[in-house]
Protein chains: 2
Amino acid sequence: MATNPQISYSPHRSEVFKGLTGEQVANLVKEGRRIKLEPKNILFHQGDPAKNCFLVNRGRLKLTKLNEQGKEVILRYIVPGELTAATAVLKNWAYPVTAEAIEETDVIVWDKPAMMQLMRRYPDIAINLLGIILERIDDVQNRYLEVCTEHVDQRIARSLLRLMRRAGSKTPEGIHIDIPLSRQNIADYSGTTLYTVSRTLSAWEKKGWIQSGREQIIVTDPHALVQFSETG
Amino acid sequence: MATNPQISYSPHRSEVFKGLTGEQVANLVKEGRRIKLEPKNILFHQGDPAKNCFLVNRGRLKLTKLNEQGKEVILRYIVPGELTAATAVLKNWAYPVTAEAIEETDVIVWDKPAMMQLMRRYPDIAINLLGIILERIDDVQNRYLEVCTEHVDQRIARSLLRLMRRAGSKTPEGIHIDIPLSRQNIADYSGTTLYTVSRTLSAWEKKGWIQSGREQIIVTDPHALVQFSETG
DNA sequence: CGCTCTATTGATAAACCTCAAATACAGTGG
DNA sequence: CCACTGTATTTGAGGTTTATCAATAGAGCG
C-alpha cells in the first residue's frame with residue numbers, strides 16, 4: 001500500500017513570497033503562529049467570521065461548501081505551499097467554505113492586521129496574491145463550465161486528471177493520486193453521486209485506464225482519460 | 001416598452017479606486033484609452049493574449065466561456081463601475097473568457113505596464129482589486145455549488161434573483177431586470193436549455209411570480225422566488 | 001472474528017434534454 | 001397600414017441520462 005510521500009517544502013518557495021528575500025520571508029514566517037492538525041480536524045467552518053489566513057506547510061486540506069439543504073461540494077484540495085482564506089480575511093467576511101485536514105497537517109497562521117501590514121510593506125505580496133487568486137478563479141470557472149456543459153463521466157475524468165496533476169506521483173503502474181479519495185469524495189468533487197462514480201470507475205478499470213482500491217486511485221492511462229474527457 | 005435607464009456614474013466612485021483622492025483618480029483615468037462599443041461587438045475573445053484591462057463606464061458586457069465542443073455558459077454580466085480582465089493581464093495569460101457588449105457601452109482601457117505601475121504606486125489599488133476578485137470568486141463558487149446540488153428550476157430562480165439584484169429597477173408591476181435576456185441567455189446563465197427555461201417561466205407567470213415579454217423579465221413576487229430558490 | 005466503513009451492482013424512477021412543429025413578436029420596406 | 005422576414009417563444013412527445021433505493025460484498029481494524 002502506497003503511503004503519501006513526505007514532500008520536502010519550505011515557505012520560502014511559496015508563490016506568495018515570490019520577489020521577497022529569504023530574510024524577509026523568515027521574518028514574516030516568524031510573525032505567524034503555528035497550528036498542527038490531525039485528520040478530520042476542522043481548521044475553519046463556513047460561516048465563521050474570517051479572522052485568520054493560513055499557509056499550509058505540510059499535509060492537505062479539503063475545502064468544502066454546503067448549501068441550505070446540507071448538500072456538499074468539494075471546491076478544492078489545498079497542498080503544501082498554498083495559502084487559504086487570504087482574501088476572506090481582508091473583507092471581514094465569514095469564511096465562505098469549510099477547511100478540514102485530511103491528514104496530519106501543519107499550517108502557519110496570520111491575522112488580519114498582520115496581513116494588511118504585510119501587504120502595505122511589500123506590495124509584491126498583494127500582487128502575488130492577485131495572481132494566486134486568479135488561478136483559483138480560473139479553476140472554478142472551468143469547473144463551472146464543465147458541470148454546466150458536460151456529462152458526468154467526462155466530469156469524473158476531468159476531476160481525476162485535475163487531482164492527478166495537483167497531487168500525483170509516479171509509480172510503476174501509473175500515476176498515483178496522493179490524496180485519500182472515497183467514491184463519495186470524487187462525487188462531491190465532480191457534482192454527482194457515489195453510485196455513478198463507482199460504476200464509472202469500474203468501467204474504466206476494465207478498460208485498463210485506472211486501478212483503484214479503497215480510497216486509492218492510480219491513473220494507468222492518462223492519455224486515454226484526457227482523450228475521453230475532451231470528446232466524451 | 002421599458003428601456004434601460006441611463007445610470008449616472010463616474011469612475012471616481014468605482015470600488016477599484018476606493019481610498020484614492022479625486023485628483024489621483026482623474027490622473028489615472030486620463031492615462032487610459034477610451035473605447036466605444038455597439039451591441040454584439042466583442043471587446044476581447046477567450047484565448048486572445050490578455051493585453052489590457054477594462055473599466056466599464058456605461059453600458060453592459062456579457063462574459064461567456066466556451067468548452068471544446070462549443071457549448072457556452074454565461075459567467076457574468078459586467079455593469080458600470082466594474083473592472084474586467086484586471087488579473088488576466090497581470091499573469092500574461094490568454095483571456096479565459098469572451099466579453100461582448102449587449103448595449104452601447106463605453107470602457108476605459110489600461111495596458112499591463114500601466115496597471116503594474118498603478119498598483120506599485122498605490123498599493124490600495126491592489127488591495128481593492130483583491131476585494132473585488134474575492135467577490136467574483138465567491139459568486140462563482142456559489143453558482144458552482146448551486147449547479148452541483150440543486151434542481152434546474154431552483155437554479156433558474158437563483159439566476160433571476162441574482163440578475164435582479166445586480167441590474168434591477170423598480171416599476172409599478174415589480175422589479176424589472178435591465179438586461180435584455182432571451183430564454184437562451186437565461187439557460188446559459190443557469191446551466192440548462194432554453195426549453196426548460198421557457199416551461200419554467202410560463203409556470204411562474206401563471207403563479208404571478210413574474211411577468212415576461214420578449215427578452216424582458218419583471219419579477220413581481222421576489223419573496224416567492226427567494227422562498228422557492230431555497231427550498232425547491 | 002465481528003464491527004464499521006466503503007464499494008459494487010441491479011432495478012426503478014425522476015429529472016431533464018432533444019427534436020419537431022406551431023405560434024407570437026418586432027422590425028422593415030412596400 | 002400591411003405583408004413579410006427573421007427571431008424568440010411555447011408546447012408536446014419521446015428518449016436518455018443520471019439519481020435513488022435496496023441489497024450485497026469487501027477491506028481494514030481492534
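Chain A is the first sequence line, chain B the second, and so forth, proteins listed ahead of strands; every chain is numbered from 1. Because the structure is predicted, anything quoted here is derived from the model rather than measured.
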Open item on the list: Under 4.0 Å, counting only non-hydrogen atoms across every strand here, what does Ser198(B) touch: a base, just sugar-phosphate, or nothing?
Closed with: base
Task: d(CG, Leu194(B); P, dA22(C)) in whole Å - done: 18 Å
TODO: Starting at atom CZ of Arg214(A), determine the distance to atom P of dC29(D), rounded to an integer number of angstrom.
DONE: 8 Å
Open item on the list: Using only modelled atom types and a 3.5 angstrom limit, is any donor from either the side chain of Arg183(B) or the base of dT10(D) paired with an acceptor on the other?
Closed with: no
Open item on the list: Measure CG/Leu201(B) against P/dT9(D) and give the value in whole Å, please.
Closed with: 9 Å
Open item on the list: Is Ser202(B) close enough to dT9(D) that one of its side-chain N or O atoms is under 4.0 Å from OP1 or OP2 there?
Closed with: no
Open item on the list: Can you confirm whether the side chains of Thr149(B) and Gln69(A) place a donor and an acceptor under 3.5 Å from each other?
Closed with: no
- [ ] Considering just the side-chain nitrogens and oxygens of Thr192(A), establish if one lies under 4.0 Å of OP1 or OP2 belonging to dA19(D).
- [x] yes
- [ ] Output the single nucleotide from dG6(D), dC5(C), dT18(C) whose closest atom is nearest the side chain of Tyr195(B).
- [x] dT18(C)
Open item on the list: Testing Arg60(B), Lys36(B), Arg58(B) one by one against Glu103(B) for a salt bridge (Lys or Arg N to Asp or Glu O under 4.0 Å), which residue passes?
Closed with: Arg60(B)
Open item on the list: Any heavy-atom pair between the side chains of Val107(B) and Thr84(B) that's under 4.5 Å?
Closed with: no
Open item on the list: Please report the distance, rounded to the nearest Å, between CD in Gln216(A) and P in dT6(C).
Closed with: 13 Å
Task: Where Gly59(A) and Thr105(A) come nearest, the two heavy atoms and their spacing - done: CA-OG1, 3.6 Å
TODO: Mind calculating the distance between CD (Glu205(B)) and C1' (dA24(C)) to the nearest angstrom?
DONE: 13 Å
TODO: To the nearest Å, give me how far apart CH2 (Trp204(B)) and C1' (dT10(D)) are.
DONE: 17 Å
Open item on the list: By nearest atom, which of the nucleotides dA19(D), dG28(D), dC16(C) is closest to the Val152(B) side chain?
Closed with: dC16(C)
Open item on the list: In this structure, how many angstroms lie between the P atom of dT6(C) and the CG atom of Leu181(A), rounded?
Closed with: 13 Å
Task: Relative orientation of the end axes in the helix from dC1(C)-dG30(D) to dG30(C)-dC1(D), expressed as an angle to the nearest 10° (five pairs per end) - done: 30°
Task: N or O in side chain of Ser182(A) less than 4.0 angstrom from dT6(C) OP1/OP2 - done: no
Task: Straight-line distance of Ile218(A) CD1 to Glu205(A) CD, nearest 0.5 Å - done: 9.5 Å
Open item on the list: Between Met164(B) and Leu161(B), does the side-chain contact (heavy atoms from CB on, under 4.5 Å) criterion hold? Intermediate values first, please.
Closed with: CA-CA 5 Å; Met164(B) 183 190 86; Leu161(B) 289 169; 4.1 Å; yes
Open item on the list: I need the minimum non-hydrogen distance between Pro96(B) and Ala88(B), along with the two atoms involved.
Closed with: CD-CB, 4.2 Å
- [ ] Name all pairs fulfilling the salt bridge (Lys or Arg N to Asp or Glu O under 4.0 Å) condition that reach into residues 160-177 of chain A, sequence neighbours left out, sorted by first residue then second.
- [x] Glu82(A)-Arg166(A), Asp139(A)-Arg162(A), Glu146(A)-Arg162(A)
- [ ] Please work out whether the ring planes of Tyr95(A) and Phe54(A) are parallel, tilted or perpendicular, with thresholds of 30° and 60°.
- [x] tilted
Open item on the list: Less than 4.0 angstrom between a side-chain N/O of Thr193(B) and OP1 or OP2 of dC17(C), yes or no?
Closed with: yes
Open item on the list: Assuming nearest nucleotide by heavy-atom distance, tell me which of His151(A) and Thr196(A) is located more 5' along DNA chain C.
Closed with: Thr196(A)
Task: Any side-chain donor near an acceptor of the partner, Asp178(A) and Ser169(A), under 3.5 Å - done: yes
Task: First encountered from the 5' end of DNA chain D, between Arg199(B) and Asp153(A) - done: Arg199(B)
Task: Those residues of residues 70-79 of chain A lying under 4.0 Å from DNA chain C by at least one heavy atom - done: none
Open item on the list: In whole Å, I'd like the distance from the CD atom of Glu150(B) to the C1' atom of dA15(C).
Closed with: 15 Å
